[in-house]
Number of protein chains: 2
Amino acid sequence: MAIVPKRNQYALRAIFELAKHQGKGPQKISEIARAQAIPLRFLEVILGQLKGTGWVESKRGFYGGYLLKCSPGDITVGDVLRFMQGNARTMDCVACISKHDCPFNGECAFASMWNKVNEAMFKIYDETTIQDLIDKERKKAGASAKMV
Amino acid sequence: MAIVPKRNQYALRAIFELAKHQGKGPQKISEIARAQAIPLRFLEVILGQLKGTGWVESKRGFYGGYLLKCSPGDITVGDVLRFMQGNARTMDCVACISKHDCPFNGECAFASMWNKVNEAMFKIYDETTIQDLIDKERKKAGASAKMV
DNA sequence: AGTTTCTTGACTCTCATAGTCAAGAAAGCG
DNA sequence: CGCTTTCTTGACTATGAGAGTCAAGAAACT
């Protein structure tokens, strides 16, 4: 249960990767795909969607690729997931379990619990910026560097 | 995202319904299905699985049906969801996003966030007993009764 | 002109979830 | 006992979303 679709995970990873590369010019799709273990063709689709957010910019040609336009501290995981969600064909996640999924139209005994769960999840998502994730990775890398 | 499968929702509703009926003898599958808007044939399957938990008992024959064997205060939503999860063929929810789903084997920057989310969800699930849900419904029913 | 890259959108594949069905066994009733 | 009602079992089908693929074309740079 509570599965985050791969597409959404990939979107997060792609932005994460772009964030780490920020300041070094455009990064090719193929590079991102390799670094984050994302199927290339699938990533093309996802990055195309992400352009709609304005967080991301593309450049064609030899030195082309993708760029992150804004600061990693300004994008939260929640932002990305919400966008990807709105982008999916099924809008059945208004309240984790949607009202139109509930035969009692949200009036059932479970509704408030599902809402609480959804809120708890997004509290975490909204508290976590892409920058936080980078910091976390740096710390881990530092820890294992000690052992070398 | 973060969708709880119908099967799991149905299992919760079925137990909830049995809990409300406790003390009034066995309750027929067809009754439960009607009361909770669950497809009859599908509910048969789910109740069959739930028998494996010991929370639920069945009686055949004319006055047959299903019974809740234990107190609604002793079963949490978390218990039910965990059972239904283990029952599914795909065990890809060890940490919301499973390690074997993560190309970095759980060592990626996202791992701790997924874990936090999973914990936050189950904190709520584990805090909520079936009895709590009944109480919640009673309160709601009381509130609307005032208007009549 | 010629690479190299992104762009677009349609296309296929796969599989979990959802839901169905039918024949049979237990339990009680008359 | 014979009849009805109910659960029981397990195999079966359907559907849709998610995952992934592909190819022809357009921009950008050398």
Side-chain angles (χ1 to χ4, degrees), chain A residues 1-11 13-14 18 25-34 36-52 56-67 69 81 84-93 97-98 100-101 103, chain B residues 1-11 13-14 18 25-34 36-52 56-69 81 84-93 97-98 101 103:
Chain A
M1 87 217 63
I3 279 170
V4 177
K6 296 232 177 185
R7 185 190 284 123
N8 299 11
Q9 297 183 50
Y10 291 159
R13 289 234 203 85
L18 285 173
Q27 190 175 19
K28 291 169 197 159
I29 295 187
S30 56
E31 234 181 288
I32 303 171
R34 208 165 354 91
Q36 292 293 327
I38 302 170
L40 176 64
R41 306 285 193 177
F42 200 17
L43 181 56
E44 287 177 1
V45 175
I46 293 164
L47 282 172
Q49 297 185 337
L50 282 176
K51 276 206 350 179
V56 145
E57 202 178 26
S58 65
K59 246 198 154 86
R60 294 203 250 206
F62 196 101
Y63 292 112
Y66 273 84
L67 293 152
K69 271 176 75 177
L81 292 182
M84 292 306 286
Q85 191 51 32
N87 223 4
R89 20 249 195 228
T90 52
M91 259 311 283
D92 59 346
C93 192
I97 282 74
S98 72
H100 100 288
D101 237 24
Chain B
M1 87 214 69
I3 280 171
V4 176
K6 296 232 176 183
R7 184 190 285 122
N8 299 10
Q9 297 184 50
Y10 291 159
R13 289 234 202 85
L18 285 173
Q27 189 174 20
K28 292 169 196 160
I29 296 187
S30 55
E31 233 181 290
I32 303 172
R34 208 166 354 92
Q36 293 293 327
I38 302 171
L40 176 65
R41 306 285 193 174
F42 201 17
L43 181 57
E44 286 177 1
V45 176
I46 292 164
L47 282 172
Q49 297 184 338
L50 282 175
K51 276 205 352 178
V56 144
E57 202 177 26
S58 65
K59 247 200 155 84
R60 295 203 248 203
F62 196 101
Y63 294 112
Y66 273 84
L67 293 152
L68 192 67
K69 271 176 76 178
L81 292 181
M84 293 306 285
Q85 191 51 32
N87 223 5
R89 20 255 194 219
T90 50
M91 259 312 283
D92 60 345
C93 192
I97 281 75
S98 73
D101 238 23

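Quick note on labels: first sequence line is chain A, next is B, and so on, each numbered from 1.
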Measuring to OP1 and OP2 of D:dA19, would you say a side-chain N or O of A:Y10 lies under 4.0 angstrom away? no
Using the side chain to side chain contact (heavy atoms under 4.5 Å, CB included) criterion, which residues pair with B:A11? Sequence neighbours excluded. B:I46, B:L50, B:V80, B:M84
B:K51: what forms a side chain to side chain donor-acceptor pair (under 3.5 Å) with it, not counting sequence neighbours? B:S58
State which of C:dG19, D:dT21, D:dC7 makes the closest approach to the side chain of A:R41. D:dT21
Separation of D:dT21 atom P from A:I46 atom CD1, nearest Å, is 12 Å
Can you list everything that forms a ring pair (Phe, Tyr, Trp, His ring centres under 6.0 Å) with A:F42? Sequence neighbours excluded, please. A:Y10
Across all chains, not counting sequence neighbours, the side chain to side chain contact (heavy atoms under 4.5 Å, CB included) partners of B:E31 are B:H21, B:Q27, B:K28, B:R34
Can you tell me if B:K6 touches the phosphate of C:dT17, counting only side-chain N or O atoms and a distance under 4.0 Å to OP1 or OP2? no
The side chain of B:I29 is closest to which nucleotide in this list: C:dT20, D:dC22, D:dC7? D:dC7
Whole angstroms only, please: what is the CZ-P distance between B:F42 and D:dA14? 17 Å
Choosing from D:dG20, C:dT7, D:dA19, which nucleotide comes nearest the side chain of A:S58? C:dT7
Identify the pairs formed between an N or O of the protein and an N or O of nucleotides 25-30 of chain D at a distance under 3.5 Å, and give each distance.
residue: D:dA26; atom: N3; partner: A:R60; partner atom: NH1; Å: 3.4
residue: D:dA27; atom: O4'; partner: A:R60; partner atom: NE; Å: 3.1
residue: D:dA27; atom: O4'; partner: A:R60; partner atom: NH2; Å: 3.1

Would you kindly give the CD-to-P distance between A:E44 and C:dC11, to the nearest whole Å? 18 Å
Excluding sequence neighbours, so at least two apart, what forms side chain to side chain contact (heavy atoms under 4.5 Å, CB included) with B:L67? B:P26, B:E57
Does C:dC6 have its OP1 or OP2 closer than 4.0 Å to a side-chain nitrogen or oxygen of A:K51? no
Measure CG/A:L40 against C1'/D:dC22 and give the value in whole Å, please. 11 Å
